[in-house]
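First the proteins, then the strands, lettered A, B, ... as listed; each starts at 1. All values reported here derive from a predicted model rather than from experimental measurement.
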2 protein chains.
Amino acid sequence: MTIKLSNTNQRRVIIEELKKLTSHPTADELYEIVKERLPKISLGTVYRNLEQLSAAGLIWKLELSGSQNRFDGNVEKHFHKRCPNCGAVEDIEYHAFAEADRHLTNACQNYAIEGYTLEFRGLCYCCQSS
Amino acid sequence: MTIKLSNTNQRRVIIEELKKLTSHPTADELYEIVKERLPKISLGTVYRNLEQLSAAGLIWKLELSGSQNRFDGNVEKHFHKRCPNCGAVEDIEYHAFAEADRHLTNACQNYAIEGYTLEFRGLCYCCQSS
DNA sequence: TTAAAAAGTGATAATGATTATTAAATTTTA
DNA sequence: TAAAATTTAATAATCATTATCACTTTTTAA
């Protein structure tokens, strides 16, 4: 039951632009970027496609703290760090926490748990130096 | 700089009712409960107080996935599990993940990270049996 | 290849959670 | 105990997201 998505130009540009970024944009941030290539696109289309693409496993929907969801074109296993000051979201390479991840996954196995979400908190580079 | 809060009846009842529960209610769920004792209280008062109480460290604001924030009267160290089916939030006792927690905390120390939030996913008892 | 069916789009309205505003009431301070 | 500070209830405003719908594009299958 793989999800079937049509090949529309809007969808192609949305995923293409998202995969260029490492900034984990919100739907409206990505909308502003995509609009440069498709000036007629509507915000609803961006929301709808991000939802579908993440349901299809082609991107990640980051339901972290904060009022807006963010999206990630990198579906490799990795974690995120959120700046408590400005809200920016950065990647944390998996290897740094691989051992901790193994322990978590093992601990999960005794419980009726399917998985977990791990969100780190810490000042980003910009906020540290100001 | 401890936060100073007045001793209002509304505040007292809100924290009292929250601490009775292990269900991690949303602001509006707690509003319905508090209204039984204070029929004139307004939803805004509940929101404002929950915000203040969590800023003061007297309760926890759970910014988990899902569209509504939840609140927890138990400020002891523990984790949460969220049911992907019904959205219910359950406690997970710390000891089950204490070793994993130690590994995470150690891994954090090499980074500019202050802490982390860990959210487990898994069907709750109700959803498993239906 | 082409016509019917399915899926997607843009514009806009609607929803739902949360925050802001404000005049009146309560609590704290000195 | 009176002035200052804080909080409240009611309500409006905001912000992110989802729904609606007439129209267009893409897919399917003959």
Side-chain angles (χ1 to χ4, degrees), chain A residues 1-18 24-56 58-72 82 86-89, chain B residues 1-18 24-56 58-71 82 86-87 89:
Chain A
M1 47 165 284
T2 315
I3 294 171
K4 187 73 187 308
L5 297 178
S6 292
N7 260 322
T8 68
N9 210 276
Q10 290 89 333
R11 185 127 58 216
R12 221 173 298 119
V13 173
I14 287 169
I15 195 167
E16 205 171 295
E17 291 299 323
L18 179 60
H24 315 90
T26 59
D28 61 297
E29 284 168 355
L30 191 58
Y31 167 63
E32 292 301 331
I33 290 166
V34 167
K35 222 167 30 170
E36 311 233 326
R37 288 176 59 185
L38 304 171
K40 293 287 195 63
I41 200 171
S42 87
L43 179 57
T45 297
V46 175
Y47 267 105
R48 185 172 2 90
N49 276 290
L50 289 172
E51 205 56 55
Q52 291 169 323
L53 290 167
S54 69
L58 298 173
I59 65 174
W60 265 10
K61 179 178 181 179
L62 308 181
E63 295 183 298
L64 306 178
S65 64
S67 56
Q68 290 182 79
N69 290 323
R70 291 175 174 273
F71 296 86
D72 194 338
R82 185 182 172 83
C86 71
V89 173
Chain B
M1 49 162 287
T2 315
I3 294 170
K4 188 77 186 305
L5 298 177
S6 292
N7 262 322
T8 67
N9 209 258
Q10 289 89 334
R11 186 128 58 215
R12 220 174 299 118
V13 173
I14 286 169
I15 195 168
E16 205 172 295
E17 291 299 323
L18 179 60
H24 316 90
T26 59
D28 61 296
E29 284 168 355
L30 190 59
Y31 168 64
E32 291 301 330
I33 291 165
V34 166
K35 223 169 24 171
E36 310 233 326
R37 289 175 60 186
L38 303 172
K40 293 285 196 65
I41 200 171
S42 86
L43 179 56
T45 298
V46 175
Y47 267 104
R48 185 171 3 89
N49 276 290
L50 289 172
E51 205 56 53
Q52 290 168 323
L53 290 167
S54 69
L58 299 173
I59 65 174
W60 266 11
K61 179 178 179 178
L62 308 181
E63 294 183 297
L64 306 178
S65 64
S67 55
Q68 289 182 80
N69 289 323
R70 291 174 174 276
F71 296 87
R82 185 181 172 83
C86 71
V89 173

So CG of L18(A) and CZ of F71(A): to nearest 0.5 Å the spacing works out to 8.5 Å
note: N7(B), atom CG; dT29(C), atom P; distance rounded to Å ~ 10 Å
The salt bridge (Lys or Arg N to Asp or Glu O under 4.0 Å) partners of R37(A) (sequence neighbours excluded) come to E16(A), E17(A)
Rounding to 0.5 Å, atoms CZ (R12(B)) and CG (L38(B)) come to a distance of 10.0 Å
Rounded to whole Å, CG of N49(B) lies from C1' of dT19(C) at a distance of 14 Å
Scanning both residues in full, the closest heavy-atom pair of V46(A) with A27(A) reads CG1-O, 3.6 Å
Sorted by chain and number, sequence neighbours left out, side-chain hydrogen bond (donor to acceptor under 3.5 Å, both in side chains) with D72(A) holds for H24(A), H78(A), H80(A)
Interatomic distance, OH@Y47(A) vs CG@N69(A), rounded to 0.5 Å, equals 8.0 Å
Could you tabulate the donor-acceptor pairs under 3.5 Å formed by side-chain atoms of residues 28-36 of chain B, not counting sequence neighbours?
{"from": "D28(B)", "atom 1": "OD1", "to": "T26(B)", "atom 2": "OG1", "distance (Å)": "2.9"}
{"from": "E29(B)", "atom 1": "OE1", "to": "T26(B)", "atom 2": "N", "distance (Å)": "3.0"}

Whole-Å distance, Q10(B) CD to dT26(C) C1', equals 9 Å
So, with a heavy-atom separation below 4.0 Å from DNA chain D, the residues of residues 27-38 of chain B are none
Q.
For a 4.5 angstrom cut-off between non-hydrogen side-chain atoms, does L53(B) reach I14(B)?
A. yes
side-chain hydrogen bond (donor to acceptor under 3.5 Å, both in side chains) filter on S42(B), not counting sequence neighbours, yields T45(B)
R11(A) meets the side-chain hydrogen bond (donor to acceptor under 3.5 Å, both in side chains) criterion, sequence neighbours left out, with N49(A), Q52(A)
Hey, what are the protein-to-nucleotides 3-7 of chain C N/O distances that come in under 3.5 Å?
{"from": "dA7(C)", "atom 1": "O3'", "to": "S6(A)", "atom 2": "OG", "distance (Å)": "3.3"}

- Query: Do R82(A) side-chain atoms and L64(A) backbone N/O form a donor-acceptor pair below 3.5 Å?
  - Reply: no
Residues passing the side-chain hydrogen bond (donor to acceptor under 3.5 Å, both in side chains) test with S54(B), sequence neighbours excluded, are none
Residues pairing under salt bridge (Lys or Arg N to Asp or Glu O under 4.0 Å) where one sits in residues 39-54 of chain A, two or more places apart or in two chains, turn out to be E51(A)-K61(A)
Bounded by its outermost nucleotides with an atom under 4.0 Å from a heavy atom of chain B, the footprint on DNA chain D reads dT6(D) to dA10(D)
task = Report yes or no: does R70(A) contribute a side-chain atom to a donor-acceptor pair with the main-chain N or O of E63(A) at less than 3.5 Å?
result = no
Of T8(B) and G44(A), the one whose closest nucleotide on DNA chain C sits nearer the 5' end is G44(A)
Residues of residues 58-69 of chain B with a heavy atom under 4.0 Å from any atom of DNA chain C, listed by number, are S67(B), Q68(B), N69(B)
The answer to which of R12(B) and N9(A) contacts DNA chain C further toward the 5' end, by nearest nucleotide, is N9(A)
Which is true for T45(A) with a 4.0 Å heavy-atom rule: it touches a base, it touches only sugar-phosphate, or it touches nothing? base
In whole angstroms, the gap separating C1' of dG8(C) from OH of Y47(A) amounts to 19 Å
Between its two end axes (five pairs each) the helix from dT1(C)-dA30(D) to dA30(C)-dT1(D) turns, nearest 10 degrees, through 40°
Separation of dG8(C) atom C1' from L53(A) atom CG, nearest Å, is 13 Å
